[in-house]
Amino acid sequence: MDVRKYGVLFFVVVAVVALLAASPALSRVLVFPRTEFFTALWILGSNNTAEDYPFNVSSGKSYGISLGLENQLGYCSYYLIEVKFRNETQSVPSSFGPLENRTPSSLPSLFNISAFVADQSDWELPLTFGFDYGFNDTLVRVDFHTMIFNGNVLNLEGASTSWNATTSRFYGALFFELWLYDRATTNFQYNGRFVDLKLNMTAT
Amino acid sequence: MKNRFAVLVLLAVLWLACSGAVCHGASEADARSTVASADQRVSVCYSAVADAEKAGANVSGLLVTLNDAGMLLSEAHLSLINGSYDLASGLAGQCVTKLNGFDNDADSLRASASQARFVDFWVNVVGSAVGAIAVAVGGFLVWRFLKRKSVVKAGGV
């Protein structure tokens, strides 16, 4: 038998077996590198879907939402979420433009939520909140007293919102700013992201 | 006599008032110090977890503990703002207690992950690369042997 007739077949078989043997090493080498590193931040409604968000709120009533994070930064991250409340005229954080130019709201944080999230993992926290507020004598301003946030009483004395004649509403916004712990400086830095929930304070 | 008694009473009242103020101040300072220590402890534990994850360890169990400790720390900060210093100290203490032995656990996870990664590298990367080369070289040698045998057979015929 002349083996030279089977040369091509023989080397194809050898190449396939060699590739199979090399596949564990190749699977580690031939990987597309990750090019986008970011954190996603979201709020979901009471049914854990992007609907049924509370809008018309009443004093003394409780509302449920869910706050979520997804870490795509390439390492386990330590986040701080600052819970803030503002009316229509107060400082708004920014979330557009280069990251270093984005600024947080100048309002003080009412409550800080810590979150430790592994790389390529998400984190979710169910939240309940409610307000205690009253109307001034002329019924053109809502004066806030407290906010109950996940069972914690947060002081809102001095906060108020005025009647918006255009939309016929008393607007307020509950918002969550994302801060990221930097191990080099051992400080938190604003991550340029926030989510907010616009609310209308009703009398009923 | 009455004047002396009145002075004594006044001094006692002043002393009580001052000691109360000092106690209150110490309590606030203690609470701030305890919360700051808890803050630092959480940061140290986070660094240990981040290093363990970087080494390839599965840190999901540690993150559950760290998130629980973080929630206690958040509530301690809120209590500090609200002036509930005893509560703030208590919550910060609970946070630190929760993290007892945490860095040891993280370090041992990191060490075993590093060991596993080392073994994985030698078996799966080096081993399979050497195996592939051995198959190629072996195949070539077998081919030469078969070819030579076939030529000898043909010459013999």
Side-chain angles (χ1 to χ4, degrees), chain A residues 1-7 10-29 71 73-83 108-121 123 125 146 149-155 181-184 186-188, chain B residues 39-40 42-47 49-54 57-60 62-75 77-79 81-83 95 120-121 123-140 142-143 145-151 153-154:
Chain A
M1 186 182 73
D2 187 3
V3 291
R4 278 172 294 190
K5 283 196 284 186
Y6 301 98
F10 180 83
F11 280 109
V12 165
V13 170
V14 168
V16 167
V17 175
L19 273 174
L20 280 173
S23 60
L26 291 175
S27 70
R28 280 158 178 77
V29 178
N71 177 9
L73 289 174
Y75 57 89
C76 170
S77 303
Y78 178 11
Y79 297 101
L80 192 75
I81 300 158
E82 293 200 348
V83 182
S109 172
L110 301 168
F111 187 70
N112 293 339
I113 303 168
S114 309
F116 300 87
V117 191
D119 182 34
Q120 293 184 309
S121 299
W123 167 96
L125 181 71
T146 55
F149 186 85
N150 267 15
N152 298 298
V153 182
L154 312 181
N155 186 10
Y181 183 76
D182 180 4
R183 282 174 77 184
T186 66
N187 274 318
F188 284 95
Chain B
D39 256 327
Q40 206 170 358
V42 166
S43 301
V44 167
C45 289
Y46 160 66
S47 293
V49 170
D51 288 341
E53 194 202 40
K54 200 174 171 185
N58 179 359
V59 293
S60 53
L62 291 176
L63 287 178
V64 171
T65 310
L66 206 49
N67 274 313
D68 289 347
M71 198 45 82
L72 287 167
L73 186 61
S74 297
E75 286 174 8
H77 275 288
L78 179 66
S79 303
I81 292 167
N82 291 341
C95 169
D120 174 76
F121 175 77
V123 171
N124 289 319
V125 179
V126 178
S128 84
V130 168
I133 292 167
V135 167
V137 172
F140 180 72
V142 168
W143 172 251
F145 171 74
L146 290 175
K147 209 169 103 178
R148 193 172 291 171
K149 212 173 162 188
S150 150
V151 169
K153 236 181 201 174

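Each chain gets a letter, A, B and so on, in the order the sequences are listed, and its residues count up from 1.
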Sub-4.5 Å side-chain heavy-atom contact between [X] and [Y]:
{"X": "A/Leu125", "Y": "A/Ile113", "value": "yes"}
{"X": "B/Asp120", "Y": "A/Arg28", "value": "yes"}
{"X": "A/Val117", "Y": "A/Ser77", "value": "no"}

Worksheet entry | Part of B/Lys54 lying under 4.5 Å from any heavy atom of chain A |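 For B/Lys54, no heavy atom lies under 4.5 Å from chain A.
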Discussion item. Quick check on B/Leu78 against chain A: is it the side chain, the backbone, both or neither that has a heavy atom closer than 4.5 Å?
Written reply: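 Side chain of B/Leu78 only, per the 4.5 Å heavy-atom cut-off to chain A.
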Worksheet entry | is_close_aromatic(A/Phe188, A/Tyr78), centroid dist under 6.0 Å |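 Close enough - the centres of the two rings lie under 6.0 Å apart.
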Discussion item. If you take the centroid of each ring, where Trp contributes its six-membered ring, are A/Tyr181 and A/Tyr79 closer together than 6.0 Å?
Written reply: no
Measuring heavy-atom distances to chain B, does [X] have an atom under 4.5 Å in its side chain, in its backbone, in both, or in neither?
{"X": "A/Asp119", "result": "both"}
{"X": "A/Phe116", "result": "both"}
{"X": "A/Val13", "result": "neither"}
{"X": "A/Tyr75", "result": "both"}

Worksheet entry | Flag, side chain of A/Ser27 to backbone of A/Pro24, donor-acceptor distance under 3.5 Å | yes
Give the member of [options] that has the highest number of heavy-atom pairs under 4.5 Å with chain A.
{"options": "B/Gly70, B/Ala52, B/Gly139, B/Ser74", "value": "B/Ser74"}
{"options": "B/Ser47, B/Ser79, B/Ser60", "value": "B/Ser47"}
{"options": "B/Leu62, B/Val125, B/Asn124", "value": "B/Asn124"}

Practice prompt. Report the option among A/Ser114, A/Ala118, A/Ser109, A/Cys76 that has the most heavy-atom pairs separated by less than 4.5 Å from atoms of chain B.
Written response: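 The answer is A/Cys76.
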Fill in: A/Asn71 versus A/Ser121, side-chain donor and acceptor atoms under 3.5 Å
no
